[in-house]
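Below is one structure; the comments refer to it alone.
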Amino acid sequence: MEKNFLNITPESGNGNQEVTINAKANISLEDREEMLRIRSSTGKEASVRITQDGVPFMANIGVVPRNIFPSGTGYPIDITFSKTTWDSEGIPTTELKVSNTDEEKFEVIPYFQLLIRKDIVDELLPPGEYGNPAMYIQDALIDQSLTGRGVSFNQTTIKGIEYYTAATDGSYYGEDFYATIGLCYEDEEVELFRLCTQRFDIYWF
């Protein structure tokens, strides 16, 4: 039996019987719940409330093209810009296919976005002598050491839950690179927790 995000088997039975409940993954920020009522053939009834937590954070690393309108030309570069995301040795990898028929200089710039529950961050990194918690971003060409910096959080409330949020851009790249989002203290700018990593492979044709 399907009920909202739950799958219950069996739907009915006789005597003493085990009931299996499977929940679909909750990929939203919001917690969700469902009430199940179990009734016997004699009329006795019991209720079970099932609560499933939402994801604690949403982190996103994407790219946008740069130099679409090079100075002095007055017209845009003819670019085909497509991407396919897959997994390479445990690291999500985005393949960027770029066609630049005008042979102008072209680069992409990564952008970083993070929305994370405030109570989780404050438990991991309590504000104190090292300053306030912050987003920590890093990016570098493949096979080079990552370099990073802290980005201050703003605060927002979504349906009664407090979140930290931050967004910024990275460096410019014309070759394969990778980027990460983590957490740090503002005053130290040293990554203390890694939240996600993304690799970008650029192909010219």
Side-chain angles (χ1 to χ4, degrees), residues 25-30 53-69 77 79-100 105-125 131-158 161-205:
N26 186 2
I27 59 174
S28 71
L29 292 168
E30 300 176 26
D53 293 339
V55 294
F57 69 89
M58 288 186 175
N60 179 48
I61 304 173
V63 293
V64 291
R66 179 178 178 263
N67 288 344
I68 296 298
F69 291 86
I77 301 173
I79 295 172
T80 299
F81 188 72
S82 62
K83 62 181 181 179
T84 303
T85 300
W86 49 289
D87 192 89
S88 174
E89 299 179 354
I91 299 177
T93 300
T94 297
E95 183 179 277
L96 305 174
K97 295 181 178 180
V98 182
S99 173
N100 185 352
K105 183 179 179 182
F106 175 81
E107 297 171 308
V108 296
I109 180 170
Y111 61 86
F112 304 81
Q113 299 171 318
L114 177 62
L115 180 69
I116 185 168
R117 286 179 61 140
K118 182 178 181 296
D119 59 340
I120 293 176
V121 176
D122 289 347
E123 182 177 346
L124 295 173
L125 301 175
N132 295 317
M135 178 175 73
Y136 190 73
I137 65 163
Q138 300 179 96
D139 55 356
L141 292 170
I142 300 299
D143 298 329
Q144 291 190 2
S145 299
L146 286 165
T147 58
R149 59 187 171 89
V151 180
S152 299
F153 279 130
N154 295 312
Q155 292 187 39
T156 187
T157 301
I158 302 175
I161 299 176
E162 291 184 298
Y163 291 89
Y164 283 130
T165 180
T168 192
D169 294 333
S171 303
Y172 298 113
Y173 293 99
E175 302 175 42
D176 299 352
F177 69 97
Y178 65 122
T180 70
I181 292 178
L183 297 174
C184 71
Y185 279 113
E186 275 186 323
D187 295 349
E188 288 204 324
E189 292 196 323
V190 175
E191 184 183 63
L192 300 175
F193 295 95
R194 175 75 55 86
L195 300 178
C196 74
T197 301
Q198 184 80 30
R199 173 177 170 147
F200 296 90
D201 292 346
I202 301 175
Y203 295 91
W204 302 88
F205 66 96

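Just the heavy atoms: all of them, side chains too, but no hydrogens, waters or symmetry mates, feed the values below. This one's a predicted model, so the numbers in the text were calculated from it and none came from an experiment.
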For the [atom1] atom of [X] and the [atom2] atom of [Y], what is their distance to the nearest 0.5 Å?
X    : Y    : atom1 : atom2 : result
E191 : Q138 : CD    : CD    : 4.5 Å
D119 : E162 : CG    : CD    : 8.5 Å
T165 : Y163 : OG1   : OH    : 11.0 Å
F200 : D139 : CZ    : CG    : 10.0 Å
T157 : K118 : OG1   : NZ    : 9.5 Å
N154 : L115 : CG    : CG    : 11.5 Å

Nearest heavy-atom neighbours spanning [X] and [Y]:
X    : Y    : answer
A140 : S145 : CB-O, 3.3 Å
I181 : F112 : CG1-CD2, 3.7 Å
P110 : S171 : CD-O, 2.9 Å
C184 : Y136 : SG-CD1, 3.7 Å
L146 : R194 : CD1-NH2, 4.2 Å
F153 : M135 : CZ-N, 3.5 Å

Would you indicate whether E175, at its atom CD, is surrounded by more than 12 heavy atoms from other residues, nucleotides or ligands within a distance under 6.0 Å? no
Flag yes if more than 12 heavy atoms outside D87 fall under 6.0 Å of its CG atom; otherwise flag no. yes
[X] versus [Y]: any side-chain heavy-atom pair under 4.5 Å?
X    : Y    : result
E123 : R117 : no
F57  : I120 : no
Y178 : Q198 : no
L192 : L183 : no
L114 : V151 : no
T93  : E95  : no
T94  : V63  : no

Modelled atom types, side-chain donor and acceptor of T180 and T197, under 3.5 Å: no
Option among V64, T168, I61 that satisfies the side chain to side chain contact (heavy atoms under 4.5 Å, CB included) test with Y111: V64
Verify side-chain contact (heavy atoms from CB on, under 4.5 Å) between E107 and I109, making sure each step is shown before the conclusion. CA-CA 7 Å; E107 297 171 308; I109 180 170; over 6 Å; no
